[in-house]
Undergrad: 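Encoded as structure tokens, here's the structure I'll be asking about.
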Amino acid sequence: MNYVGRFAPSPSGPLHAGSLVAALASWLDARAHGGRWLLRIEDVDTPRTVPGAAERIMGQLEALGLAWDGEVMWQSRRGDAYQAAFDSLAARGLIYGCGCTRREIADSALRGQAQPGTDGERPYPGTCRHGLPEGRQARAWRVRLPEGVERFKDRWLGPQEQDVAQAVGDMALRRADGLWAYQLAVVVDDAAQGVTDVVRGADLLSSTARQRVLGRLLGLPPVRYLHVPLILDAGSGLKLSKQNGAPAVDTSAPLEALKAAWNALGFPSFEAPDRAAFLREAAARWARRFP
Ligand code: GLU
């Protein structure tokens, strides 16, 4: 099997206990399948990029023994590829300009009684789908999504479905600030890197159906998904994230950090003399659970 996996951190801060769990799971899945494991720095959202964070993450991965294959891909250098994908959709009449502000979208969603999604997100109500209102200029560029329920099987969580047109609406591919949307970048890059398997945190489960729909519109091959449970902060019960100040993984004790991430994935502890032995045994156990 020609397995290609990847880890795709946003460099908005160092690796923390939550992102290490995602990194470890995707590394183990790639190694368990004799595959390649690629690293992609998702610095498409340049205002959120913290200088030096990408290099710090790479140093942490190296210290933990989570070696990646081949060259690192940087989204900030991939503008031409995103433009080409966008142009191919535009040539088929699937892109339109949208003049709505964030506030207007929230208000019209409220008026239309659209239910927010599980993550509180309000769907785009399609205001500009049939042309910009008089006197309005395009701020963002959206893709016309087909109707229907998108179904897929998650290798950890089982069958999933979402009516993307209804729950999300036509999504912005180019944002009002001129940046490419994460949703476009991730789909284009996974295909460009030949990724067969995406293993990541369950916070991205709600993005998966739309990424599948977008990939299909672009004629890209489908990908398998496995979403791992999120680590919650013991005190607040919130998802551990850079935004709520999760501390960097301490890589001066790599074996301890790896063991904690392994336990957080729900696997029982086992003894190992060092990092390499631990990772070998963990990959063998992972392979039995996720053949
Ligand atoms: N860059 C995203 C993050 O750090 C991950 C995207 C993905 O794995 O698809 O949350």
Side-chain angles (χ1 to χ4, degrees), residues 4-30 35-50 53-58 60-61 66 68 72-78 81-82 85 119 121 152 154-157 160 162 168 171 173 175 179-215 218 220-232 238-246 248-249 261 265:
V4 181
R6 51 54 157 195
F7 178 50
S10 305
S12 52
L15 205 64
H16 54 75
S19 45
L20 172 55
V21 166
L24 177 63
S26 76
W27 188 91
L28 289 172
D29 201 45
R36 287 162 53 77
W37 190 64
L38 309 179
L39 180 62
R40 181 167 78 232
I41 300 295
E42 299 215 314
D43 54 353
V44 69
D45 190 349
T46 37
R48 284 187 49 215
T49 297
V50 172
E55 292 72 15
R56 176 106 188 262
I57 292 170
M58 291 191 260
Q60 288 174 296
L61 292 173
L66 301 177
W68 61 89
V72 176
M73 178 178 272
W74 297 77
Q75 287 192 327
S76 55
R77 303 177 192 165
R78 299 267 307 146
Y82 307 146
D119 48 9
E121 175 185 46
F152 62 96
D154 186 275
R155 291 171 56 215
W156 185 303
L157 300 167
Q160 306 291 322
Q162 186 184 43
V168 180
M171 57 185 155
L173 297 188
R175 305 175 357 183
L179 294 174
W180 296 108
Y182 152 71
Q183 305 293 354
L184 176 68
V186 81
V187 168
V188 169
D189 289 345
D190 279 338
Q193 293 189 289
V195 168
T196 59
D197 285 78
V198 168
V199 177
R200 60 186 178 187
D203 52 332
L204 290 158
L205 182 64
S206 62
S207 287
T208 303
R210 76 191 76 172
Q211 291 173 4
R212 285 173 53 90
V213 172
L214 186 55
L218 286 165
L220 302 174
V223 174
R224 299 199 304 166
Y225 291 92
L226 187 159
H227 288 89
V228 298
L230 291 185
I231 312 264
L232 303 180
L238 292 173
K239 170 199 158 191
L240 272 192
S241 71
K242 294 158 204 164
Q243 286 75 22
N244 46 44
V249 172
L265 284 163

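Note: hydrogens, waters and symmetry copies are ignored here, and every other heavy atom, side chains too, is used. Note that the structure is predicted; figures quoted are calculated from it, not measured. Just so you know, ligand 1 is whichever comes first in the structure, and atom 1 is the first atom listed for that ligand.
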Undergrad: Could you tell me if Thr49 and Asp43 have a donor-acceptor pair between their side chains, going purely by distance under 3.5 Å?
TA: no
Undergrad: Compare all side-chain heavy atoms of Leu265 with those of Trp156 and state whether any distance is below 4.5 angstrom.
TA: yes
Undergrad: Using 30° and 60° as the class limits, which term best fits the ring planes of Trp37 and Trp27: parallel, tilted or perpendicular?
TA: perpendicular
Undergrad: The criterion is side-chain contact (heavy atoms from CB on, under 4.5 Å); which residues satisfy it with Leu220, sequence neighbours excluded?
TA: Val187, Ala191, Leu218
Undergrad: What does the 4.0 Å heavy-atom contact list look like for ligand 1?
TA: Arg6, Ala8, Pro9, Ser10, Glu42, Tyr182, Val186, Arg200, Leu204
Undergrad: Under a 3.5 Å threshold, yes or no: a donor from one side chain and an acceptor from the other, between Gln193 and Arg6?
TA: no
Undergrad: Ser207 and side chain to side chain donor-acceptor pair (under 3.5 Å): which partner among Gln183, Arg212, Arg200, Gln162?
TA: Gln183
